[in-house]
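Structure first, then comments.
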Amino acid sequence: MDILSGLIIGFLFGFALWKAGALRYSVIMGALLLKDFRLYGFMITTLATIVLGTVLLKISGMDIEVGIKPYWGATHFIGGGLFGIAMALLGMCPGTCIGRLACGKYEAGIGVLAILLSAFAAEALLPVIDRYGVRFNEPKELAIYQYCGVGYLPAAAAFGIVLVLIMAGVFLITRKKQQHGGLQ
């Protein structure tokens with residue numbers, strides 16, 4: 001059942017990416033160059049829906065686990081920088097690579113291959129990275145709400161509301177650009 005639910009969720013996510021235009025190179029490059037804010041609206045809406053949905057499910061009494069990914073130190077910044085460079089060069093992130101490939105854009109196969117090769121390279125390089133102390137020996141939980149002494153639910157609700165406000169700002173900026181002919 002886990003594989004089936006993963007396939008269904010993956011299909012729905014891919015459909016949402018396609019419907020939002022996030023599989024188009026021009027939309028991704030427009031977002032990276034801060035010329036087209038539609039993709040940011042999609043991402044913020046998605047994140048706000050997840051955060052507020054999680055809060056509502058927890059409040060209703062559902063026992064869902066919210067995990068914090070471990071922070072390993074400088075490797076996160078190095079990996080994030082490499083990811084950003086690759087995304088800017090390809091005009092695709094991992095999700096859009098798969099989505100574009102599914103839409104018949106076979107050049108996205110280069111991106112999929114690069115993702116797989118980089119995952120294998122990262123795994124092979126971890127022992128070398130550990131020797132030079134770039135990565136913590138033990139991962140650390142890094143959550144702002146924990147450091148502020150606030151519970152998860154109030155922090156998530158506040159974060160969701162902030163995201164909705166940011167989304168409204170992105171919508172207004174996009175609308176003004178469209179009115180002045182700056183966005184096609």
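Atoms considered below: every heavy atom in the structure, side chains included; atoms not considered: hydrogens, waters and symmetry mates. Fair warning: this is a prediction, and the values are worked out from it, not measured in the lab.
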Heavy-atom closest contact ([X] atom, [Y] atom, distance):
{"X": "Cys93", "Y": "Met87", "value": "CB-SD, 3.8 Å"}
{"X": "Ser60", "Y": "Leu57", "value": "OG-O, 2.8 Å"}
{"X": "Gly91", "Y": "Met29", "value": "CA-SD, 3.9 Å"}

> What pairs with Phe11 under ring-ring contact (aromatic ring centres under 6.0 Å, His included), at least two apart in sequence or on another chain?
Replying inline: none
For residues 15-23, which side-chain donor-acceptor pairs fall under 3.5 Å, sequence neighbours excluded?
none

List in chain and number order the residues that pass side chain to side chain contact (heavy atoms under 4.5 Å, CB included) with [X], two or more places apart in sequence or in another chain; answer none if no residue qualifies.
{"X": "Ser26", "value": "Arg24"}
{"X": "Leu7", "value": "Ile3"}
{"X": "Ile50", "value": "Thr46, Thr54"}

> Got more than 12 heavy atoms from elsewhere within 6.0 Å of CZ, Phe83?
Replying inline: yes
Please list every donor-acceptor pair under 3.5 Å in which a side-chain atom of residues 104-118 meets a protein atom from a residue at least two apart or in another chain.
from   : atom 1 : to     : atom 2 : distance (Å)
Glu107 : OE2    : Arg100 : NH2    : 2.6
Ser118 : OG     : Ala114 : O      : 3.0
Ser118 : OG     : Ile115 : O      : 2.9

>> So, taking the atom named CD1 in Ile28 and the one named OG1 in Thr96, what distance separates them when rounded to the nearest 0.5 Å?
In response: 4.0 Å
> How long is the span from the CG atom in Leu52 to the CG atom in Leu47, to the nearest 0.5 Å?
Replying inline: 9.5 Å
Do any pairs count as a salt bridge (Lys or Arg N to Asp or Glu O under 4.0 Å) and have a residue in [range], sequence neighbours left out, and if so which ones?
{"range": "residues 110-125", "result": "none"}
{"range": "residues 78-95", "result": "none"}
{"range": "residues 146-157", "result": "none"}

>> What verdict does the side chain to side chain contact (heavy atoms under 4.5 Å, CB included) test give for Tyr40 and Leu34, after you've listed the backbone C-alpha separation in whole Å, the side-chain angles of each residue and the deciding distance to 0.1 Å?
In response: CA-CA 10 Å; Tyr40 294 114; Leu34 299 176; 3.7 Å; yes
For a quick test of your reading: what N or O donor-acceptor pairs under 3.5 Å do the side chains of residues 159-167 make, sequence neighbours left out?
none

> Does Leu33 sit in a hydrophobic cluster with other residues, and if so which ones, taking ILVMFWY side chains as linked at heavy-atom separations under 4.5 Å, directly or through other members?
Replying inline: none
